[in-house]
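Below, chain A is the first sequence line, B the second, and so on; all start at residue 1.
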Amino acid sequence: MSAISVKNIIKTYGKKKQKVTALNDISFDVNEGEIFGIIGPDGAGKTSLFRILTTLLLADSGSATVDGLDVIKDLKEIRKKVGYMPGRFSLYQDLTVEENLQFFATIFNTSINENYELIKDIYVQIEPFKNRRAGKLSGGMKQKLALSCALIHRPSVLFLDEPTTGVDAVSRKEFWEMLKGLKAQGITILVSTPYMDEARLCDKVLLLQKGKVLSINTPDGVIKDFENPLMAVKAKGMLPLLEKIKAMDIVKDAYPFGEYHHVVMKKEENVEQLKSNLTKADLKEFEIKRVEADIEDCFIQLMKEE
Amino acid sequence: MREVKAITTNKLTKQFGDFTAVDAISFEVNKGEIFGFLGANGAGKTTAMRMLCGLSLPTSGEATVAGLDVYKENEKIKRSIGYMSQKFSLYDDLTVKENMQFYGGIYGKSNAFIKEKTAFILDHLHLQKEANALVKSLPLGWKQKLAFSVAVFHEPEIVFLDEPTGGVDPVTRREFWNMIYTAAANGTTVFVTTHYMDEAEYCDRVSIMVDGRIDALDTPKGLKEKYNASSMDEVFLQLARKATRAAD
């Protein structure tokens with residue numbers, strides 16, 4: 001049985017002229033115990049999807065089940081079984097750390113002790129501040145508290161909507177370590193993020209853009225689907241270099257990519273042509289190499305093909 | 001005459017009670033430079049930026065922005081800089097054109113200037129058709145690009161960008177950086193924070209704040225060599241992991 005099953009979900013907002021399609025015929029399945037990533041920029045439809053699956057929003061059409069339960073008929077059952085960490089911090093700011101956790105445990109008819117094992121690794125990091133009000137915590141500590149509260153009733157499926165947005169690179173790495181720990185305890189995790197580099201940390205990803213699925217695959221699978229040869233190029237004067245490359249008709253696409261420009265070639269034989277074209281140009285500090293596509297390269301190409 | 005730097009700081013410090021948020025930072029930013037201001041959450045970036053924008057007085061140390069003193073001339077500083085926050089700050093209920101008129105007016109620009117500049121930006125962003133559309137109806141990518149155009153509408157010497165590309169799709173993110181390059185090529189100094197380490201590579205120079213101090217400052221190339229790292233991501237992780245104080 002799938003932990004989450006989504007079939008042909010459509011969600012629109014507004015009427016007639018102003019109608020916006022947030023989710024356009026979305027279908028996917030998440031296996032039990034998987035970390036499944038919804039990767040997409042702001043406005044892709046990530047939050048609408050999360051709200052539908054956590055029974056907080058009704059889809060226009062289509063169906064979905066979570067842990068085998070229907071999101072419409074069985075909403076009360078689902079609410080007991082899932083954990084949800086919304087994108088915006090939603091705990092009680094004027095309750096202390098411990099009071100918040102106590103509150104959520106009570107709501108779900110359990111106690112902190114009963115499921116302490118599950119949250120221990122995360123909660124110990126904020127336990128020294130257990131008498132501090134949640135509103136006075138730092139961003140990183142709020143995030144750990146919110147995660148602890150979402151887990152206190154030992155949910156079968158955990159929904160994390162953009163847990164790492166606005167979080168620095170170090171804290172993001174730590175957060176993903178925590179998710180690995182939860183996965184090891186058998187919890188299915190649906191997590192959304194606008195950071196393409198986090199896709200690699202998921203078992204499976206769904207690339208979402210403007211309400212449409214661009215791809216559903218393992219991270220390696222997404223990368224394998226990138227068929228064109230990809231080159232990384234750099235030289236002194238990166239802007240003129242990009243203009244020069246873009247003007248070549250052997251080039252499908254070219255864009256800045258960190259220290260290098262990534263150049264997508266139309267065909268395999270274009271690789272040597274690009275090399276010889278640029279070598280002839282007598283550029284300073286010139287470097288060219290073949291590289292494997294990154295999830296971000298795949299996302300850019302899929303976006304442009306849409 | 002000696003060329004005036006866009007930003008200079010000398011042991012700039014900000015304390016909140018016994019907590020030193022910014023700890024004696026000293027650095028200079030050249031005119032027309034794209035300067036990346038990096039650091040983990042809580043390292044002191046926002047506090048430093050608020051002092052440079054004239055929004056918060058330092059506890060001690062010195063700083064000038066566009067040649068103006070942050071203690072005595074902070075009101076003048078506000079007029080000489082542009083600022084774009086990570087949170088979208090245009091008026092959703094005003095049209096594209098009205099937003100530009102509003103911000104142009106706030107900065108005391110003449111009607112003729114506003115008219116000409118508005119036409120230029122609409123043309124540049126290919127937004128002529130949307131000139132009279134409410135800003136809230138625009139796609140997100142365009143909103144960010146418009147917000148940047150508005151931040152530099154009054155042709156400030158320096159523009160401060162606080163995580164301008166958070167959550168933006170990868171194609172728009174690159175278009176946005178193209179706008180930054182163009183602004184810098186026209187002589188605007190760009191002071192930018194980001195959590196995307198690939199964007200650190202696009203800066204002329206990068207500083208990395210750790211626990212209120214600037215622990216590293218160099219070109220991306222120089223930093224990678226110094227820390228023997230293959231990417232800015234690695235450099236950042238090496239430095240930020242040394243932090244001892246809690247985030248934010």
Side-chain angles (χ1 to χ4, degrees), chain A residues 14 18 20 39-44 46 87 125-126 128-129 136-144 162 164-174 193-197 208-210 234 238-239 242 253-262 285 294-304, chain B residues 38-43 45 86-88 134 136-141 143-144 163 165-175 177-178 181-182 184-185 193-202 209-210 220-221 224 230-243 245-248:
Chain A
Q18 305 244 308
V20 178
I39 318 287
D42 287 354
K46 302 189 297 288
Q125 302 177 48
I126 48 172
F129 311 99
K136 296 274 181 215
L137 294 177
S138 73
M141 289 199 281
K142 275 184 182 162
Q143 194 192 35
K144 284 172 187 142
E162 295 204 29
T164 55
T165 292
V167 173
D168 67 70
V170 175
S171 311
R172 287 207 278 141
K173 286 219 161 62
E174 283 174 9
T193 178
Y195 294 103
M196 304 283 150
D197 57 345
L208 190 68
Q209 160 78 356
K210 290 186 182 157
K234 73 169 176 181
M238 289 298 271
L239 259 190
L242 188 62
D253 196 7
Y255 42 84
F257 205 96
E259 189 185 353
Y260 295 86
H261 292 321
H262 274 188
E285 295 166 33
D294 187 279
I295 295 281
E296 190 151 342
D297 292 300
C298 301
F299 200 96
I300 291 172
Q301 292 317 307
L302 290 165
M303 254 182 91
K304 288 184 174 169
Chain B
L38 309 187
N41 300 117
K45 295 193 302 287
Q86 57 196 89
K87 219 178 135 214
F88 184 69
L134 293 184
K136 69 176 166 200
S137 70
L138 293 181
L140 193 98
K143 279 189 187 177
Q144 286 308 93
E163 285 181 44
T165 54
V168 172
D169 73 67
V171 173
T172 307
R173 204 149 71 79
R174 287 172 172 82
E175 289 169 359
W177 270 92
N178 221 340
Y181 276 129
T182 310
T193 74
T194 180
H195 283 315
Y196 290 98
M197 286 306 127
D198 60 329
E199 294 185 349
E201 302 274 4
Y202 306 154
M209 269 189 98
V210 181
K221 190 166 173 255
K224 280 181 286 184
S230 64
S231 67
M232 279 304 294
D233 196 34
E234 266 180 51
V235 173
F236 184 81
L237 290 175
Q238 278 189 39
L239 283 163
R241 285 221 165 100
K242 291 194 301 192
R245 78 189 191 200
D248 285 345

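One finds a salt bridge joining B:Glu201 and B:Lys224 here, because a Lys/Arg side-chain nitrogen approaches an Asp/Glu carboxylate oxygen to under 4.0 Å. By the 4.0 Å N-to-carboxylate-O rule, A:Glu259 lies too far from B:Lys221 to be salt-bridged with it. Looking at A:Glu296 and B:Arg173, a side-chain N of the basic residue comes within less than 4.0 Å of a carboxylate O on the acidic one, giving a salt bridge.
Looking at B:Pro170, the atoms closer than 4.5 Å to chain A (heavy atoms on both sides) sit in the backbone and in the side chain alike. Using a 4.5 Å cut-off between heavy atoms, A:Val167 contacts chain B through both its backbone and its side chain. There is no contact between A:Lys210 and chain B, counting heavy-atom distances below 4.5 Å. With a 4.5 angstrom heavy-atom cutoff, A:Lys173 touches chain B only via side-chain atoms. Within the 4.5 angstrom heavy-atom criterion, only side-chain atoms of B:Glu163, from C-beta onward, approach chain A. In this structure, no portion of B:Thr182 lies under 4.5 Å from any heavy atom of chain A. Interface residue A:Phe257: backbone and side-chain heavy atoms are both found under 4.5 Å from chain B.
Interface check for chain B: of the options A:Pro256, A:Gly43, A:Pro194, the most heavy-atom pairs under 4.5 Å are formed by A:Pro256. Taking A:Thr193, A:Leu242, A:Val170 one by one and counting their heavy-atom pairs under 4.5 Å with chain B, the maximum is reached by A:Val170.
Donor-acceptor pairing under 3.5 Å is recorded for the side chains of A:Gln301 and A:Asp253. Side-chain contact, B:Tyr196 with A:Asp197: no donor N or O sits under 3.5 Å from an acceptor N or O.
The nearest pair of heavy atoms linking B:Lys45 to B:Gly39 is NZ-O, 2.7 Å.
The structure places NE2 of B:His195 at 7.5 Å from CZ of B:Phe236, a figure rounded to the nearest 0.5 Å.
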